[in-house]
Amino acid sequence: MPTTTAEIGRGAFDFSAGHTGLHDGEFEHLHGHTYQVVVRLTGFLDSAGMIMDFTDVKAAVRRTIAPLKGRVLLAGQVTPPISVDTTEGVVTVTSSTKRYVFPEQDVVVLPIANTTTEALADHLLDGVLRNLRDGDRRLVGGLRVIELELFEAPDTSATVRADLGRAGEQDGR
């Protein structure tokens with residue numbers, strides 16, 4: 001039985017955010033991007049001719065990116081000498097040569113080791129999958145593979161892929 005691939009995005013899921021990536025244990029300069037998210041679904045068509053209802057996928061992507069919009073994205077799984085500390089409504093990030101202090105409401109500390117495009121894409125795919133799951137932890141529809149591509153610039157992106165298997169269960173996510 002053939003599979004079909006559908007793509008959702010191309011401008012529908014943009015968000016702007018700031019970040020400072022880590023390179024060789026040091027922060028690069030603080031800067032921002034207008035990120036674009038594209039989701040590709042591969043699977044078998046159901047009796048209605050769908051892999052999965054696009055409305056559900058769009059809602060899952062929107063819920064995943066909403067907390068990141070207009071925020072500074074920080075890696076929360078850093079190793080010394082890098083530190084991220086939240087105290088009394090302030091987030092302080094330090095390295096051996098830099099110290100950033102942000103109001104807590106302007107920051108999202110993510111469960112990742114670095115805010116690279118690759119790590120952010122992986123984090124976003126995890127969020128989309130979480131938002132797509134139904135009550136018994138299986139994905140609905142004929143979805144077998146999901147890819148998320150995150151663009152940080154028109155010429156720079158990272159793509160992550162999850163193979164979901166026959167029953168819609170994801171391997172390792």
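For reference, positions follow the sequence shown, starting with 1. Only heavy atoms go into these numbers, but all of them, side chains included; no hydrogens, no water, no symmetry mates.
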Transitive ILVMFWY side-chain link V90 to V78, under 4.5 Å: no

Heavy-atom side-chain contact between I8 and V61 under 4.5 Å: no

Is the ring pair H33/H19 parallel, tilted or perpendicular, if the boundaries are 30 and 60 degrees? tilted

Side chains of L41 and T5, heavy atoms from C-beta outward: is any pair under 4.5 Å? no

Side chain to side chain donor-acceptor pair (under 3.5 Å) between E152 and S157, intermediate numbers included: CA-CA 6 Å; E152 73 170 30; S157 69; over 6 Å; no

Go through it in stages, so that I can follow the logic: the residues are F44 and T3, the test is side-chain contact (heavy atoms from CB on, under 4.5 Å), and I'd like the CA-CA distance, side-chain angles, deciding distance and then a yes or no. CA-CA 5 Å; F44 301 104; T3 59; 3.5 Å; yes

Is there a chain of hydrophobic side chains (I, L, V, M, F, W, Y, each step under 4.5 Å between heavy atoms) that links F151 to V160? no

Using side chain to side chain donor-acceptor pair (under 3.5 Å), reason through S83 and D85 one step at a time and then give a plain yes or no. CA-CA 6 Å; S83 69; D85 179 56; over 6 Å; no

Note: D56-K58 ion pair, threshold 4.0 Å (strictly below): no

Tell me whether L124 shares a hydrophobic cluster with M52, the cluster being built from Ile, Leu, Val, Met, Phe, Trp, Tyr side chains joined at under 4.5 Å. yes

For the pair K69 and S16, evaluate side-chain contact (heavy atoms from CB on, under 4.5 Å) and give the outcome as yes or no after the intermediate values. CA-CA 6 Å; K69 290 183 173 186; S16 295; over 6 Å; no

Taking a hydrophobic cluster as the set of Ile, Leu, Val, Met, Phe, Trp and Tyr residues connected by side-chain heavy atoms closer than 4.5 Å, whether directly or through intermediates, do L143 and V39 fall within one such cluster? yes

Atom CZ of R99 and atom OG1 of T94: how far apart are they, to the nearest 0.5 Å? 7.5 Å

Please name the pair of heavy atoms, one in T115 and one in L120, separated by the smallest distance, quoted to 0.1 Å. O-CD1, 3.6 Å

Any link between V38 and V128 through a network of hydrophobic side chains (Ile, Leu, Val, Met, Phe, Trp, Tyr) touching at under 4.5 Å? no

Kindly write out the residues that satisfy side chain to side chain contact (heavy atoms under 4.5 Å, CB included) with D106, not counting sequence neighbours, or none if the list is empty. P103

Only residue of I146, V145, T42 satisfying side-chain contact (heavy atoms from CB on, under 4.5 Å) with L164 is I146

Applying ring pair (Phe, Tyr, Trp, His ring centres under 6.0 Å), name anything that partners F13, two or more places apart in sequence or on another chain. none

Which atom pair, heavy atoms only, marks the closest approach of F27 to K98? O-NZ, 3.3 Å

Among N131, L132, L125, the one residue meeting side-chain contact (heavy atoms from CB on, under 4.5 Å) with T64: N131

Residues A121 and A158: closest non-hydrogen pair is CB-O, 4.0 Å

As a test of understanding, state which of T92, T86, L30 forms a side-chain contact (heavy atoms from CB on, under 4.5 Å) with F102. L30

Closest approach of I82 to S95 (non-hydrogen atoms, all atoms of both residues): CD1-CB, 3.3 Å

Minimum side-chain heavy-atom gap T159-L148 below 4.5 Å: no

Would T20 and Y100 count as a side-chain contact (heavy atoms from CB on, under 4.5 Å) here? Give the steps. CA-CA 10 Å; T20 178; Y100 295 106; 4.0 Å; yes

Heavy-atom closest pair (V109 atom, G76 atom, distance to 0.1 Å) is CG1-CA, 3.4 Å

Donor-acceptor contact present, side-chain Q36 to main-chain D14, <3.5 Å: no

Counting C-beta onward and ignoring hydrogens, is there a side-chain heavy-atom pair between H123 and P111 closer than 4.5 Å? yes

Euclidean distance, L45 CG relative to T4 OG1, rounded to 0.5 Å: 4.0 Å

In this structure, OG1 of T117 is separated from OH of Y35 (nearest 0.5 Å) by 5.5 Å

Side-chain contact test, heavy atoms from C-beta onward, threshold under 4.5 Å: evaluate it for N114 versus I112 and give yes or no. no

Looking only at heavy atoms, what is the nearest atom pair of P67 and V108, with distance? O-CG2, 3.2 Å

So which pairs with a foot in residues 34-44 pass salt bridge (Lys or Arg N to Asp or Glu O under 4.0 Å), sequence neighbours left out? E7-R40, R40-E147, R40-E149

With side-chain contact (heavy atoms from CB on, under 4.5 Å) as the criterion, how do V72 and L74 come out once you've worked through the C-alpha distance, each side chain's angles and the decisive distance to 0.1 Å? CA-CA 6 Å; V72 176; L74 297 175; 4.0 Å; yes

